Amino acid sequence: MADPKGFLTTGREVAETRPVAERVKDWNEVHVPGSLLPVISKQAGRCMDCGIPFCHNGCPLGNLIPEWNDYAYREDWTAASERLHATNNFPEFTGRLCPAPCESACVLGINQPAVTIKNVEVSIIDKAWGNGDVTPQPPERLSGKTVAVIGSGPAGLAAAQQLTRAGHTVAVYERADRIGGLLRYGIPEFKMEKSHINRRVEQMRAEGTKFRTEVEIGRDIDAAELRRRYDAVVIAAGATVSRDLPVPGRELNGVHFAMEYLPLANKVQEGDLTVSPISAEGKHVVVIGGGDTGADCVGTAHRQGALSVTQLEIMPRPGEERNANQPWPTFPMLYKVTSAHEEGGERVYSVSTTHFEGSAPEEGQTVGHVQALHLVEVEFKDGRPEPKPGTERRIPAQLVTLAMGFTGTDRSNGLVQQFGVELDERGNIARDADFATSVEGVFVAGDAGRGQSLIVWAIAEGRSAARGVDRYLTGASALPAPIRPTDRALAV
């Protein structure tokens, strides 16, 4: 145990953020660099080393949290990094992006603020990179087997790294021009600088993983050809089809999916563009959707110089403490203030968009540009939102982003049809206990099989699918499988 009295003597401290007026002028990460190291050892000492560490159950990766808390408390960063990497390929991603269900399941959280598990995690990995403790781990020998991984998000990268280290020759196919999937083009730079992806990719290259960018399976290479080239295939293409809003005026210029808007801002930071073709500069911006993707749109709009930013959510405003029907150790729905919300804007709950209002089309155009959004307050009856009469109102909007989640894997490119894989009742790719699809030698990992989920679930899926592939290729596997395809989050 780190510090037997730590949870009694030390209060919770989290990462320090840079002043709002400073950070909205750049795209660097919002936290003060190095601000955690002076306090993180004491924070790790708040861990009680519980007899039954429920944080293990909160995290699908099964992270050895009490163990690396103990090492961090003792400032044995090399040992802490080893324990961290034992269950997680990319702790610098999860330490920045995961909503930390482990903290919701922390036993201390029953009656005190939970241990800052996420902050300890990111401190350990950042220290490990700085100390040179993160090195390539190439296999001792090759198996002679080949694997294609479709998609380079966290699930695809985790599967690829595990299979490469097991001795298989792995090629990752990515339809975008850079590796990373939504980590690269869906997550703004201020949440995670892309240098973290770049150095992991270089580590994987040194281990032997091969990367093929700007190759879309289903269009550039068909499924049959891919199956002929490789002994096994892992589909980790994500759930990238955005949920639409079919209301009058949806066709107006200036109404975009979040995943049309966010990647362009990242392209600017990569140096591919000077100015984003879809910019919030000088505009009233409305973000429809109250989740993390919506918050990413809010923070991006602030940095582009929006006149105003309003975020709409159809659900009621969550409470700031657990409801009785969301008991510990489940992951509760709480009112969440992200760094983007700290920077300004208005959040409106329990409202539904009725239609968009636009200008007359300019010469040569068939539709005009959005100018306003009409909404109405709603109340839920029998689980369905019902409009409240007399609550309609209009708000200005020259840019609207739709951030209402995702509905499944892209089928427009022919990937699903060409492989001929079966789908489950939710439209995801069906798989068995080994993450194998209905097609021989074809496996699925991540959101393509699970549906829209969290980054920790994606990495856990990638690791578990890698074990299934390894068993298929060799008859046995020593790779870990932290979850089963049927496992679900600790929630109600």
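Computed from heavy atoms alone, side chains included, the values below leave out hydrogens, waters and symmetry copies. The shown structure was predicted, so the numbers you read here are calculated from the model rather than taken from an experiment.
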Exercise. Sub-3.5 Å donor-acceptor pair from the side chain of R46 to the main-chain atoms of D3, do we have one?
Worked result: no
Exercise. Would a distance-only check, ignoring hydrogens and angles, find a side-chain to backbone donor-acceptor pair under 3.5 Å from Q43 to G11?
Worked result: yes
Exercise. Stepwise, does the side-chain contact (heavy atoms from CB on, under 4.5 Å) test hold for L262 with C297?
Worked result: CA-CA 7 Å; L262 294 173; C297 292; 4.1 Å; yes
Exercise. How far does CG of N413 sit from CZ of R411, to the nearest 0.5 angstrom?
Worked result: 11.5 Å
Exercise. Counting only N and O atoms by type, is there a donor-acceptor contact under 3.5 Å from the side chain of D296 to the main-chain atoms of P188?
Worked result: no
Exercise. Would you call V39 and T116 a side-chain contact if the rule is heavy atoms closer than 4.5 Å?
Worked result: no
Exercise. Say you draw a straight line from CG of N428 to CZ of R450; how long is it, rounded to the nearest 0.5 Å?
Worked result: 10.0 Å
For this session: Measure the shortest side-chain to side-chain distance between I150 and R175 over non-hydrogen atoms and say whether it is less than 4.5 angstrom.
Result: no
Problem set entry | Crowding at CD1, I52 (>12 non-hydrogen neighbours, <6.0 Å) | no
Exercise. Quick one: are F406 and V241 in side-chain contact, heavy atoms under 4.5 Å?
Worked result: no
Exercise. Is the shortest heavy-atom distance from the side chain of R23 to the side chain of R303 under 4.5 Å?
Worked result: yes
Exercise. Taking it one step at a time, do E174 and R184 satisfy salt bridge (charged side-chain N to carboxylate O under 4.0 Å, His left out)?
Worked result: CA-CA 11 Å; E174 170 57 55; R184 173 75 64 179; over 6 Å; no
For this session: Taking D424 for its side chain and R426 for its backbone only, find out whether a donor-acceptor pair lies under 3.5 Å.
Result: yes
Exercise. Which atom pair, heavy atoms only, marks the closest approach of T409 to V416?
Worked result: CG2-CG2, 4.3 Å
For this session: Can you establish whether the number of heavy atoms outside R484 located under 6.0 Å from its atom CZ is more than 12?
Result: no
For this session: Could you grab the distance from atom OG1 of T87 to atom CG of L61, nearest 0.5 Å is fine?
Result: 6.0 Å
For this session: Verify, without hydrogens or angle tests, whether H284 (side chain) and V309 (backbone) share a donor-acceptor contact under 3.5 angstrom.
Result: no
Seminar exercise, completed: Between the CG atom in N325 and the CE atom in M333, the distance rounded to the nearest 0.5 Å is 11.5 Å
Exercise. Is the closest basic N to carboxylate O distance between E377 and K388 below 4.0 Å?
Worked result: yes
Exercise. Does R431 come within less than 4.0 Å of E461, counting only side-chain N to carboxylate O?
Worked result: yes
For this session: Could you tell me whether E193 and R96 make a salt bridge, using a distance below 4.0 angstrom between a side-chain N and a carboxylate O?
Result: no
Problem set entry | Heavy-atom check, side chain of L157 versus side chain of I179, under 4.5 Å | yes
Problem set entry | Main-chain N/O of A458 paired to D447 side chain as donor or acceptor, under 3.5 Å | no
For this session: Report the distance from atom CG of L375 to atom CG of L312, rounding to the nearest 0.5 Å.
Result: 6.0 Å
Exercise. Is K127 close to I124 at the side-chain level, that is, under 4.5 Å between some pair of heavy atoms?
Worked result: no
Exercise. Looking only at atom types and distance, does a side-chain atom of R463 sit under 3.5 Å from a main-chain N or O of P480, one as donor and one as acceptor?
Worked result: no
For this session: Could you label the plane-to-plane angle of the F190 and W27 rings as parallel, tilted or perpendicular, counting under 30° as parallel and over 60° as perpendicular?
Result: tilted
Problem set entry | P332 backbone acceptor or donor facing T330 side chain under 3.5 Å | no
Problem set entry | Atom of Q161, atom of F90 and distance for their closest heavy-atom approach | OE1-CE2, 3.8 Å
Problem set entry | Nearest atoms (heavy-atom pairs only) where I314 meets P385 | CD1-CG, 3.8 Å
Exercise. Under a 4.0 Å N-O cut-off, is there an ion pair linking E13 with K42?
Worked result: no
Exercise. At their closest point, which heavy atom of W457 faces which heavy atom of D487, and how far apart are they?
Worked result: CZ3-O, 3.8 Å
Exercise. Can E67 and R83 be counted as an ion pair, charged N to O under 4.0 angstrom?
Worked result: yes
For this session: Check the pair E103 / K118 against side-chain contact (heavy atoms from CB on, under 4.5 Å), numbers first and verdict last.
Result: CA-CA 8 Å; E103 294 187 17; K118 180 176 172 179; 3.4 Å; yes
Exercise. If you measure only the distance, is there a donor-acceptor pair under 3.5 Å linking the side chains of T354 and E392?
Worked result: no
Problem set entry | Any side-chain heavy-atom pair of N89 and M204 under 4.5 Å | no
For this session: May I ask you to check whether D410 and T240 show a side-chain donor-acceptor distance below 3.5 Å?
Result: no
Exercise. Should L399 and H256 be marked as a side-chain contact (heavy atoms from CB on, under 4.5 Å) after you check the CA-CA gap, both sets of side-chain angles, and the distance that decides it?
Worked result: CA-CA 8 Å; L399 173 63; H256 301 276; 3.8 Å; yes
Exercise. Counting distance only, does the side-chain N/O of W328 pair as donor-acceptor with the main-chain N or O of A105 below 3.5 Å?
Worked result: yes
Exercise. Do C55 and I117 pass the side-chain contact (heavy atoms from CB on, under 4.5 Å) test, and can you show the C-alpha distance, the side-chain angles, and the key distance before you say yes or no?
Worked result: CA-CA 9 Å; C55 55; I117 298 170; 4.1 Å; yes
Exercise. Side chains of Y71 and V120: does their closest heavy-atom pair fall under 4.5 Å?
Worked result: no
Exercise. Nearest 0.5 Å, what's the CZ-SG distance between F54 and C102?
Worked result: 14.5 Å
Problem set entry | Smallest separation among heavy atoms of M315 and F380, with atom names | SD-CZ, 3.4 Å
Problem set entry | Salt-bridge contact R178-E270 (side-chain N to carboxylate O under 4.0 Å) | yes
Problem set entry | Closest non-hydrogen atom pair, A445 against V234 | CB-CG1, 4.2 Å
Exercise. Sub-3.5 Å donor-acceptor pair from the side chain of T94 to the main-chain atoms of P91, do we have one?
Worked result: yes
